[in-house]
Amino acid sequence: MKKILITGGAGFIGSHVVRLFVNKYPDYQIFNLDKLTYAGNLENLSDIDQKPNYHFVKGDIVDAEFINQLFEKERFDGVIHLAAESHVDRSITNPMEFIFTNVVGTVNLLNAAKNLWKENYEGKRFYHISTDEVYGALGETGSFKETTPYSPHSPYSASKASSDHFVRAYHDTYGLPSVISNCSNNYGPNQFPEKLIPLFINNIKHNKSLPVYGKGINVRDWLYVEDHARAIDLIFHKGQTGSTYNIGGNNEWRNIDLIKKLIEILDHKLGRPAGTSLSLITYVTDRAGHDLRYAIDATKLHTELGWQPTIQFDEGFDATVDWYLANEKWLDNVTSGSYQEYYRKMYGE
Ligand code: NAD
Ligand code: TYD
C-alpha cells in the first residue's frame, strides 16, 4: 500500500494525473492537496471523487506548519508536485503570488519530505513537475534538451526555474530522491479559459474578439494533456533519481495558424459558414517579454523509458473542442464571478 501526495490535483493537468493514478492503481492511496485558487475546480474530478483510494485535502503549500503536520500525519511515500500559479500574464501583473506558491511552496514540500524520509530514503520519491519555459526562448531552429541552460524571461518561468534549482539542490545536498520533468504546452479538457486554446474556444462560441498578441508568429509545441499524464506515471515509477526529463509533443504551431485551425473547426461545428469567425481576430499589444518559440527534444524520455505521444494532434484538438462545447456548464461556472473582472482588466472589455 503506497500513499502518494499529488499537489494541484484540482487544476488542469493535476486532475488528469489524479484520475489516471486513482483508476490505474487501486492499491495506492491518492491524496490530492489543493488550495482551490481560481484555477482549482473539484468538478474536474467528479467522476472519481467517491473512489475509496481518493482523498481530498484543502490547503496551501505556502503554509509550512500545515504542510509539516500533513506529512507527519499521513506519512506519504511519494510526492507528485503540480500545484503552482501557472499563467504567464498573471505573473506579469502579480509576480509575488508566483514567488510564494511556486518557490516558497515548493521548498516547504521539499523540507517536509526531507524531514519525514531522512532516516531512510528507500522507496521514496519527490517528483517535481516543471515547464519548458525555464529554458527561455528559441530562434527559428533548434530545440530544448535537458542540458540546455536555464534562461527564464517571465516572472512565471523565473519562479519555476527557481523551484527546479531547489529540487536539484535538495537532491545534491541532502540526497533527497527527486526527479524533474519539463513539459511543453498542454491542451485538452478542463483547462482554465485564460490560456490560449480554451479562451479562444469560449470567445468564438460567444462571438467575442480574439486577442492575438503581437503578430501571432510565436511558436508553441502542443501536447495532449493525457499524454503528459502518462509520461508523469512513467517517470514517477521508472525515471532515474536525480534526473530530468523533457516532455513534448513534437508538434509546433505558430499561434496564428493554430487560431485559424480552431476557427475552421468551430465554424463547422457551430454551423456557421466557413471563415465566419476569422473577423473576430484582433491583433493586440504583444505580451511583455514574449518568448518567440518553444520546442522540446524528448529523445531521452523516448530512449530511456519508451514514452512517446499517443494522441495525434488532429484527433486531440477535435476532441478538445468537442469537450468544451459539450461541457457548457463547466465553462459557464468557471467564467462567472472573478473571471469577468480578470477579463476586463486583461483585455479591457
Ligand atoms: P493550473 O493553474 O490549471 O492548476 C494549478 C493548481 O494548483 C490549481 O488547482 C490551484 O488551485 C493549485 N494551487 C495553486 N496555488 C496553490 C497553493 N498555494 N497551494 C495549493 N494548491 C495551489 O495549472 P496546470 O496548467 O494544471 O499546471 C500544473 C503544473 O504543470 C504547474 O506546475 C505548471 O507549471 C506545470 N506545467 C504546465 C503546463 C501547461 O501547459 N499548462 C506545461 C508544462 C508544465
Ligand atoms: P498561453 O496559453 O498563455 O501559454 P504560454 O504563454 O505559457 O505558452 O499562451 C500561448 C500562446 O498564445 C503564447 O504565445 C501567448 C499567446 N496568447 C495570445 O496571443 N493571446 C491570448 O489572449 C493568450 C492568453 C495567449
Side-chain angles (χ1 to χ4, degrees), residues 6-18 32-42 44-45 57-63 66-67 80-92 97-98 100-102 104-106 108-109 128-134 137 154 156-157 159-160 163-164 181-188 190-200 203 209-223 225 228-229 232 246-249 253-256 258-259 281-287 289-294 296 334 343 346-347:
I6 300 180
T7 70
F12 167 46
I13 302 170
S15 62
H16 289 273
V17 175
V18 167
N32 169 17
L33 166 65
D34 200 296
K35 184 182 171 184
L36 299 181
T37 67
Y38 77 92
N41 185 351
L42 288 176
N44 294 346
L45 292 165
V57 182
K58 185 172 187 300
D60 188 346
I61 58 169
V62 178
D63 182 346
F66 162 75
I67 292 296
I80 305 178
H81 174 37
L82 296 108
E85 286 292 334
S86 67
H87 189 40
V88 173
D89 293 327
R90 287 186 193 250
S91 83
I92 294 169
E97 208 56 52
F98 287 69
F100 289 132
T101 288
N102 298 1
V104 178
T106 300
N108 282 340
L109 291 166
H128 177 62
I129 307 300
S130 193
T131 166
D132 60 355
E133 305 194 22
V134 298
S154 73
Y156 163 65
S157 53
S159 68
K160 291 296 290 187
S163 61
D164 293 9
S181 60
N182 298 78
C183 190
S184 63
N185 287 61
N186 285 213
Y187 71 96
N190 307 99
Q191 188 170 30
F192 193 78
E194 62 186 353
K195 307 277 168 59
L196 181 74
I197 291 175
L199 176 76
F200 278 31
N203 284 13
S209 68
L210 304 174
V212 179
Y213 297 161
K215 296 192 175 109
I217 55 167
N218 302 69
V219 174
R220 297 292 182 262
D221 167 25
W222 295 94
L223 177 70
V225 64
H228 188 189
I232 289 173
N246 281 354
I247 310 171
W253 285 82
R254 284 196 324 164
N255 289 342
I256 192 64
L258 187 82
I259 291 160
I281 291 177
T282 312
Y283 291 93
V284 300
T285 310
D286 207 353
R287 174 188 278 171
H290 197 172
D291 288 333
L292 177 66
R293 177 171 163 261
Y294 303 141
I296 279 278
V334 299
Y343 202 93
M346 185 68 210
Y347 299 107

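The first residue in the sequence is number 1, and the count goes up from there. Order of appearance sets the numbers: ligands from 1, and atoms from 1 within every ligand.
Regarding atom 39 (C) of ligand 1, its nearest protein heavy-atom neighbour is Ile13 CD1, 3.8 Å. Scanning the protein heavy atoms around atom 23 (O) of ligand 1, the nearest turns out to be Ser86 OG, 3.3 Å. For atom 19 (N) of ligand 1, the nearest protein heavy atom (residue, atom name, distance) is Ile61 N, 3.0 Å. Looking only at heavy atoms of the protein, atom 13 (C) of ligand 2 is closest to His290 NE2, 3.5 Å. The protein non-hydrogen atom at the shortest distance from atom 9 (O) of ligand 1 is Asp34 OD2, 2.6 Å.
Near Ile129, meaning under 4.0 Å from one of its heavy atoms, ligand 1 places the atoms 30 (O), 32 (O). Every atom of ligand 1 with a heavy atom of Tyr156 under 4.0 Å away is listed here by number and element: 33 (C), 34 (O). Heavy-atom contacts of Thr131 reach the following atoms of ligand 1: 43 (C), 44 (C) (cutoff under 4.0 Å).
Ligand 2 has no nitrogen or oxygen under 3.5 angstrom from a nitrogen or oxygen of Leu199. Backbone and side-chain nitrogen or oxygen atoms of Asp89 are examined, and none is located within less than 3.5 angstrom of a nitrogen or oxygen of ligand 2. An N or O contact shorter than 3.5 Å links Glu133 to ligand 2 by distance. Taking any N or O of Tyr294, backbone or side chain, none lies under 3.5 Å from an N or O belonging to ligand 2. Taking only nitrogen or oxygen atoms, main chain and side chain alike, Val88 does not reach within less than 3.5 Å of ligand 2. Considering both main-chain and side-chain atoms, Arg287 comes within under 3.5 Å of ligand 2 through a nitrogen or oxygen pair.
Using a 4.0 Å cutoff on heavy atoms, Tyr38 does not count as a contact of ligand 1. Distances shorter than 4.0 angstrom occur between a heavy atom of Gly59 and an atom of ligand 1. For Gly105, the heavy-atom gap to ligand 1 stays at 4.0 angstrom or more. Contact analysis leaves Thr7 out of contact with ligand 1, as no non-hydrogen atom separation drops below 4.0 angstrom. Residue contacts with ligand 2 include Tyr347, since one or more of its heavy atoms lies under 4.0 Å from the ligand.
Classification of the Phe98-Tyr156 ring pair by plane angle, with boundaries at 30° and 60°, yields perpendicular. By the 30° and 60° cut-offs, the orientation of the rings of Phe12 relative to His16 is perpendicular.
When Ser184, Ala39, Ala84, Ser130 are ranked by how near their heavy atoms come to atom 14 (C) of ligand 1, first place goes to Ala84. Which of Val17, Asp60, Val57 comes nearest to atom 17 (C) of ligand 1 through a heavy atom is settled by distance: it is Asp60. Here atom 25 (O) of ligand 1 lies nearest to Phe12 when heavy atoms of Phe12, Phe66, Phe192 are compared.
A donor-acceptor pair is defined here as one N or O able to donate and one able to accept, closer than 3.5 Å; no such pair exists between the side chain of Asn186 and the backbone of Val225. With hydrogens and angles ignored, the 3.5 Å screen pairs no side-chain donor or acceptor of Ser130 with any backbone N or O of Ser181. Asp34 contributes a side-chain N or O that, together with a main-chain N or O of Ala10, makes up a donor-acceptor pair within less than 3.5 Å.
With sequence neighbours left out, the ring pair (Phe, Tyr, Trp, His ring centres under 6.0 Å) criterion links Tyr187 to Tyr224, Phe313. Every residue two or more places apart in sequence or in another chain was checked for a ring pair (Phe, Tyr, Trp, His ring centres under 6.0 Å) with Phe100, and none qualifies.
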| Going through the checks in order, is the side chain to side chain contact (heavy atoms under 4.5 Å, CB included) test met by Asn218 and Tyr213? | CA-CA 9 Å; Asn218 302 69; Tyr213 297 161; 5.8 Å; no

| request: Check step by step if side chain to side chain contact (heavy atoms under 4.5 Å, CB included) holds for Asp291 and Arg220. | output: CA-CA 9 Å; Asp291 288 333; Arg220 297 292 182 262; 4.1 Å; yes

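Each of Leu199, Asn203, Thr282, Leu196 was evaluated against Leu210; a single residue qualifies, Asn203, per the side chain to side chain contact (heavy atoms under 4.5 Å, CB included) test.
Of the charged side-chain nitrogens involved, none lies within less than 4.0 Å of a carboxylate oxygen, so that Glu133 and Lys160 do not count as a salt-bridged pair.
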